[in-house]
Amino acid sequence: MASEKIPRISLMDLEMNFLEVEQGLTNQEAMEESNRCLYCYDAPCIKACPTGIDIPTFIKKIASGNLLGSAKTIMSSNPVGASCSRVCPTEELCEGACVLNHSTNPIMIGNLQRYATDWAIQNEQTLFQPGVSNGRTVAVIGGGPAGLSAARELARLGYEVTIFEAADKAGGLNTFGIVSFRLPQKISFWEVEQVKKLNVTIRTNTVVGRDISVDKITEDFDNVILAVGMAHVPNLGVEGEELKGVYDAIEFVKATKSGQLSQDFVGKRVVVIGAGNTAIDGATCSIRLGAENVKILYRRTEEEMTAYDFEYEFAKQDGVEFRWLTAPKRIIGNSLGHVMGIECIKMKLGEAEPDGRRRPVPIEGSEYVIPVDAVVKAIGQTRHKELIEAFGLQHNGGVVTVELGTFRTSNPAIFACGDVVFGKGKGDAMVVTAAQQGKDVAYAIHKQYSPVGVVN
Ligand SMILES: Cc1cc2nc3c(=O)[nH]c(=O)nc-3n(C[C@H](O)[C@H](O)[C@H](O)COP(=O)(O)OP(=O)(O)OC[C@H]3O[C@@H](n4cnc5c(N)ncnc54)[C@H](O)[C@@H]3O)c2cc1C
Ligand code: SF4
């Protein structure tokens, strides 16, 4: 195996590899950048932000040295605004809409957002207070960006909120899914703490449907919000998936975020199957774990890949190789039951599928074997169908059916938001959209009891 020639890399070195890559702005850079903003009337950057952050206002506050005010402006619109400053595809959102694209460079909105929220984190600021109790109770199932956002807004409106979270820590994919070198856990934890400080109870290590029944939840609370996201990576459906050395990309990244860095990848050849953001994260994690060669196999072409452009660039800079129009046919094991190769088949693109993308078709006789030591599966995520059905909710293949705008499900007391309502072919699943949907659900619940609703 390739690893025999490679010197061992210490765990400390591996830890260093997982430190945040992007450095924040210095004070001087932040001052200069904030002073470049034109504070546009009817600013297009605000409209391009799914959570509608008042971007010129938070930037102006940075320019005037009011960092607390700036962080409050950001976080009042986006309860996970610190994470979003690091993970949002800003070039497609706020920065893409900045008027300065027409003349010079857009304002570095993401970096300025990070500057203000980092200040609040470093200075241990508590930004919001709970509202006066209105005696109503809401259960939020899932403590990811959607659930936290809904909980935060409801708590500010005086609701007694309990979040039920399956994992040992809240934050969802911000805590366990998005790689540490782009989003360190401490950022997500600070956002969770901000929600807890509003008297929201977070019951971690509690899987709804196993540790507490669906009936108990619906009986005990006035309203329920389903914000469980998506589930694990589906099987490839090929021989050899049970072999040692075959990983689910989500679990794989989670292990690196939980401090379980293994030296097993040092000097190894890794193949990642899929070409979405999860695949890129699986590939860049493998590189940081010391893999000698990492290839992404995708059955379509570069054009159809779903990863964000910045993620793709990042992977290329890391030295990840891409094999387009290539699908796995069989994973080959050695006598010890460990992966030693993957048989692939070449593909061509056929007719368009309902989502508009052309169907990949295998080219018979084009099979070939790539010798590998590990296979990381990253072909999307399955759905929490069982739980959705236990609640008796209408769904389409595990995507909960909701009313436009209110996110009310087929059961009027139950709402759903975030990845659990994210349908295939509907753009990208993003943290910022999950956050906005969480807010929308909170306001829809409030409107049931207070017809005036929320005046923003
Ligand atoms: C690897 C990866 C990289 C990504 N990178 C980006 C990125 O760079 N930028 C971006 O904007 N988006 C990114 N995304 C997408 C983004 O993370 C999601 O859209 C977002 O986290 C959705 O939020 P959510 O709250 O709906 O779900 P999640 O974040 O998945 O949170 C759901 C929570 O529900 C909990 N839960 C599940 N079942 C139960 C149960 N039965 N009982 C109790 N709790 C339960 C889970 O433990 C979890 O904490 C990425 C996704 C992945 C997988
Ligand atoms: S569009 Fe650009 S210049 Fe105008 S307010 Fe927004 S960030 Fe500032």
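Not measured: the values here are computed from a predicted model. All ligand and atom numbering here is 1-based and tracks the order in the structure.
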How does [X] reach ligand 1, if at all, at less than 4.0 Å between non-hydrogen atoms: by side chain, backbone, both, or neither?
X: L387; value: side chain
X: F422; value: neither
X: A166; value: both

Run through L14, L289, N17 and flag the one making a side-chain contact (heavy atoms from CB on, under 4.5 Å) with T256.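 The residue from L14, L289, N17 that satisfies side-chain contact (heavy atoms from CB on, under 4.5 Å) with T256 turns out to be L289.
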For [atom], closest protein heavy-atom neighbour:
atom: atom 49 (O) of ligand 1; answer: E165 OE1, 2.6 Å
atom: atom 3 (C) of ligand 1; answer: D281 OD2, 3.2 Å
atom: atom 28 (P) of ligand 1; answer: L173 N, 4.0 Å
atom: atom 42 (N) of ligand 1; answer: V208 N, 2.9 Å

Quick check on [X] - does any of its heavy atoms sit under 4.0 Å from an atom of ligand 1?
X: Q437; answer: no
X: G177; answer: yes
X: C88; answer: no

Show the atoms of ligand 1 that are less than 4.0 angstrom away from any heavy atom in [X].
X: V207; value: 41 (N), 42 (N)
X: D419; value: 18 (C), 19 (O), 20 (C), 22 (C), 26 (O)
X: G172; value: 29 (O), 31 (O), 48 (C), 49 (O)
X: T206; value: 42 (N), 43 (C)
X: Q381; value: 53 (C)
X: I250; value: 53 (C)
X: G229; value: 26 (O), 27 (O), 30 (O), 32 (C)
X: A429; value: 12 (N), 15 (C), 19 (O)

Heteroatom N/O/S of C98 within less than 2.8 Å of atom 4 (Fe) of ligand 2: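 Checking C98: none of its N, O or S atoms is under 2.8 Å.
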Near [X], which atoms of ligand 2 are under 4.0 Å from a heavy atom of that residue?
X: C40; value: 1 (S), 3 (S), 4 (Fe), 5 (S)
X: C37; value: 5 (S), 8 (Fe)
X: P56; value: 5 (S)

Considering I107, V99, L38 one by one, which has a heavy atom nearer to atom 7 (S) of ligand 2 than any of the others?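 Selected option, by shortest heavy-atom distance: I107.
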Considering A227, A231, G418, G142 one by one, which has a heavy atom nearer to atom 32 (C) of ligand 1 than any of the others?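 Among A227, A231, G418, G142, the closest heavy atom to atom 32 (C) of ligand 1 belongs to A227.
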For A150 and I225, work out which heavy atoms get closest and say how close.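 In this case the closest contact between A150 and I225 is CB-CD1, 3.8 Å.
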Taking N or O atoms only and a 3.5 Å limit, does [X] qualify as a polar contact for ligand 1?
X: G171; value: no
X: A146; value: yes
X: F310; value: no
X: G147; value: no

Any T162 side-chain heavy atom under 4.5 Å of T201 side chain: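 Of all side-chain heavy-atom pairs linking T201 with T162, at least one is under 4.5 Å.
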Would you check if the distance from the ring center of F181 to the ring center of F18 is below 6.0 Å?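 Ring centroids of F181 and F18 are less than 6.0 Å from each other.
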